Amino acid sequence: MKLIQSGPKNARIVVVGEAPTGVDIKSNQPLAGGTGELFNRMLSAVGISRSETFITNITHVTPPKGDFRWFLKPSPKLQLVTGLMQLKKDLVEIKPNLVVCLGPYALQYLTGKVGINKWRGSILPVTLEPGLKAIGTFAPSYILKMWDYKAVADFDLKRIAEEATFPEIIRPERTFHLDPSREDSIGLLASLLEADWLSVDIECVNTDSGWKLSCVGFSDSPQRAVVWPCDEVWKVQTIKELCESPVRKVFQNGTFDITVLGDEGIVVPYESFQWDTMLGHHALFTECAGGSDEMSSMGGKKKQAALMKGLGFQTSIYTKEPYYKDDGKTWHETGDKQMFWRYNALDASVTHEIRGVQEKELEEFGTTDVLKHEVALIEPLHKMMQRGVKIDMELRESLKADFQKQIDNLQVFLDKSAGQSVNVKSPKQMLELLYDKLNLPQKYNHKTHKPTANKDAIIELGEKHNHPILQTILAIRQRRDFVERYLDVPLDADGRMRCAYDITGTRTGRLSSRQSIYGSGTNLQNIPSRRPEGEAIRRMFLADRGKVLVGRDYKQAEAWLVAYLSNCEPLIELFNNPDRDVHTENASRIFGIPVAEVKPDQRYLAKKVIHASNYGMGPNRLVQIVNEDTPVTGVRIGFKEASQLMEKYFMLFPEIKETFWKGCERELRYSRVLTTPLGRKRMFFGRWDDKLLREAYAYIPQSTVGDLTNKALINCYHRIEKVVPGAELMLQVHDAIYTQCKVEDALRVSAMMEEAMKIPLTYNGKTFIIPSDCKIGYNWGVRKDDNPLGMVDSEKWRPDAATQTGQLA
DNA sequence: GCAACGAGCGCC
DNA sequence: AAAGGGCGCTCGTTGC
């Protein structure tokens, strides 16, 4: 058999891939072609040259279709066995300091570990030839397909370069005190109270009556941890004493921990909660926002991102502790409590270790203040999450009944028109109905290029074919969504709706929101409001008795940012002149008419054009966005008009492309990092393409507004909630903050919020403050004839409105 | 019967 | 040629 391998037999590093490709065979070189080039570049980036490594594969034949599984099914093939024997022989001969396993099969056959995502980066003993050590990472061919995996493989390569200098496996040494005796606990408690940093990690189980604490681990150095189970009163007391002490603490996703501890009567002082490794990780790698978190049992429905956020992933890049996260699950099967406590202790000491590494890395990357900002958010957000919002149960029920009745009627009509019963939420049935049965011209999703029956498609179809079924489909879908996603949401026992805000939930620094950790409530950042049909849903969110909701949002915040990021004098001047309306002025310029002659439709269009243009949208998308709302606005445009308007806009304000976009691109090309005016940094790992650029254009304004709102939220908390009796933060919706306060304090609180939100931003040497608008009401809906207690502009609001309607009685 | 995924859609 | 970005939730579908 011909061997496809290369490199000196005295190499320190042996690289093992899975099987040669056709290109490898042809060139008689392992890791040839594009994957090889990529790998060479990654190696040289960490100071290793390919020629000093010995490169080989598990097997030396190419499997059909390049699918390695061919060697395994139905039973291991001879080619695999001989390949492994050859590999063992090569390893004996070379005796390298380190074996690098590229891809899951290389890892599995060399170390016995299954799961490249779990075990990559771990320093492992080689089982194929005992006495050697190995590190696994993603195969370069995989990275070529999934480019964001490169960033993670680069971490592993750094470790590979380091570990290749010596042959020993050096593990972190840690001493654990698991369930110490009462006598030993006295000394341990005393010394833990002296810690410079104390890491805390809880283990708990989800029961019908909420989260139940199982044990808590503490660590005062990476080398030591103590675990007390919660099975005796004195142990819980010890845990309580440590948690409630002023010693500064570090958690891993601690908002969850302090909530569960709080439910057990253990109150962690906020001022002692000074570090969170999940937040530290997020301040270093915002990309982790899309990744999974193995701590949480809910959510995680998204596609697995390469850069994960959980402790398992953090451990793999910040420490040399090998993967251990499966221990936390297997103890359940074995009932081995020692194993469970050891797992808890390891979590605690690893958390401590990670904090130390993060401190240096944050300093180096320049985002120490970003972490401080994120830590400062914990307290106000925790308060909001505990508080929740009161729900009008009667209104909720009647809304549900109303929508259900509408759904039923519309469904009867639809079934009759279609000649069969159809489910509007079944993509399959809808494609059949629209494109097969009704034979309408097929519409395609612009992103996936697949046939679609989504809203845009149906609206487009409706423009040419006036089939009554089309509108009905949309109406049913919308109302089913209202019921399923907003009205059927389980509430907490006290009739309140709570959510869980996630500080690490986005790549931009905006918050994300989802159902609470108890499984009740839902995302409170997407409650309907834009459409008249859905606005009523907001009416069920109430201020508490005797109070009003005071909501303040930044006006055109992202557009302000774009004006300054572009250093566009005419736009800046427009925004800063209170006598001029940006959209009217822009409409006047875009349509080439005097300001006084601008009609509402034109102003509206100008507004949409600005929004679309700022972020690299195309005219087609603008058409969709405008025509989607035609039933409400009466405004409709075509492709040609949209193109002309956008062209005009860019001609009027060339700085958007020339300064803002080009500047982004330059910075990105130079360092792959963009920094916002508020100091948040995002490294862009993706492949260099248009999508990357569009993400980049959106990043700075979106991130700045998110951080600005959160800074304002922190201000509101310290200057209002902690000062004005009865005033409380209620909601955060990206560029808006809602508080509630006593009716008589409403205008005062509104003014205080305005001040709290006046946070100066500086860019290009120009300092500016984005203004905000205020609305006040007894419920979250809009004040209308049929909703007199809804929110209204603060200028129009009078405190006596409620007494007239009896809300305060 | 459950898990994972995609489509679709709500918000900013 | 055409193209915003950022989220989370529900259902239907599919695959194990």
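Residue numbers start from 1 in every chain, and the chains themselves are labelled A, B, ... in the order their sequence lines are given, proteins ahead of strands. Owing to the predicted nature of the structure, the values given are computational and were not obtained by experimental measurement. Values below: every heavy atom of this structure, side chains too, minus hydrogens, waters and symmetry copies.
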Kindly point out which of [options] is positioned nearest to the side chain of [X]?
{"X": "A:Glu558", "options": "C:dC11, C:dT14, C:dG4", "value": "C:dG4"}
{"X": "A:Asn620", "options": "B:dG10, C:dA2, C:dT13", "value": "C:dA2"}
{"X": "A:Thr506", "options": "C:dT10, C:dG6, C:dA3", "value": "C:dG6"}
{"X": "A:Arg510", "options": "B:dA7, C:dC11, B:dC12", "value": "B:dC12"}
{"X": "A:His734", "options": "B:dC12, C:dG5, B:dG10", "value": "B:dC12"}
{"X": "A:Gln515", "options": "C:dG5, C:dC7, C:dC9", "value": "C:dC9"}
{"X": "A:Met617", "options": "C:dG4, C:dG5, B:dG10", "value": "C:dG4"}

Quiz item: Within the structure, does a side-chain N or O atom of A:Thr452 lie under 4.0 Å from either OP1 or OP2 of B:dG8?
Solution: yes
If you take atom types as modelled and just measure distance, does the side chain of [X] reach the base of [N] with a donor-acceptor pair under 3.5 Å?
{"X": "A:Arg514", "N": "C:dC9", "value": "no"}
{"X": "A:Arg621", "N": "C:dG4", "value": "no"}
{"X": "A:Gln702", "N": "C:dG5", "value": "yes"}
{"X": "A:Asn454", "N": "B:dG8", "value": "no"}
{"X": "A:Arg477", "N": "B:dC9", "value": "no"}

Quiz item: Between A:Phe684 and A:Tyr699, how do the two ring planes meet: parallel, tilted or perpendicular, split at 30° and 60°?
Solution: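 Aromatic pair A:Phe684/A:Tyr699 classed perpendicular.
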In whole Å, I'd like the distance from the [atom1] atom of [X] to the [atom2] atom of [N].
{"X": "A:Arg538", "N": "B:dC11", "atom1": "CZ", "atom2": "P", "result": "7 Å"}
{"X": "A:Tyr501", "N": "C:dG6", "atom1": "OH", "atom2": "C1'", "result": "16 Å"}
{"X": "A:Ile476", "N": "C:dC11", "atom1": "CD1", "atom2": "P", "result": "16 Å"}
{"X": "A:Leu487", "N": "B:dG10", "atom1": "CG", "atom2": "C1'", "result": "13 Å"}
{"X": "A:Ile503", "N": "C:dG8", "atom1": "CD1", "atom2": "P", "result": "14 Å"}
{"X": "A:Arg480", "N": "B:dC9", "atom1": "CZ", "atom2": "P", "result": "12 Å"}
{"X": "A:Gln624", "N": "C:dA2", "atom1": "CD", "atom2": "P", "result": "13 Å"}
{"X": "A:Phe660", "N": "C:dG5", "atom1": "CZ", "atom2": "P", "result": "13 Å"}

Exercise. Would you give the length of the straight line joining atom CZ of A:Arg396 to atom CG of A:Asp488, rounded to the nearest 0.5 angstrom?
Key: 7.0 Å
Quiz prompt | Point-to-point distance, once rounded to the nearest 0.5 Å, from OG of A:Ser516 to CE of A:Met497 | solution =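 If we round to the nearest 0.5 Å, A:Ser516:OG and A:Met497:CE are 10.5 Å apart.
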Exercise. Decide if the gap between the ring center of A:Trp780 and the ring center of A:Tyr738 is smaller than 6.0 angstrom.
Key: yes
Quiz item: Does the ring centre of A:Phe482 sit less than 6.0 Å away from the ring centre of A:Phe403?
Solution: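 Centroid separation for A:Phe403 and A:Phe482: below 6.0 Å.
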Quiz item: More than 12 non-hydrogen atoms from neighbouring residues, nucleotides or ligands closer than 6.0 Å to NZ on A:Lys428, yes or no?
Solution: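 For A:Lys428, atom NZ is not crowded (no more than 12 foreign heavy atoms under 6.0 Å).
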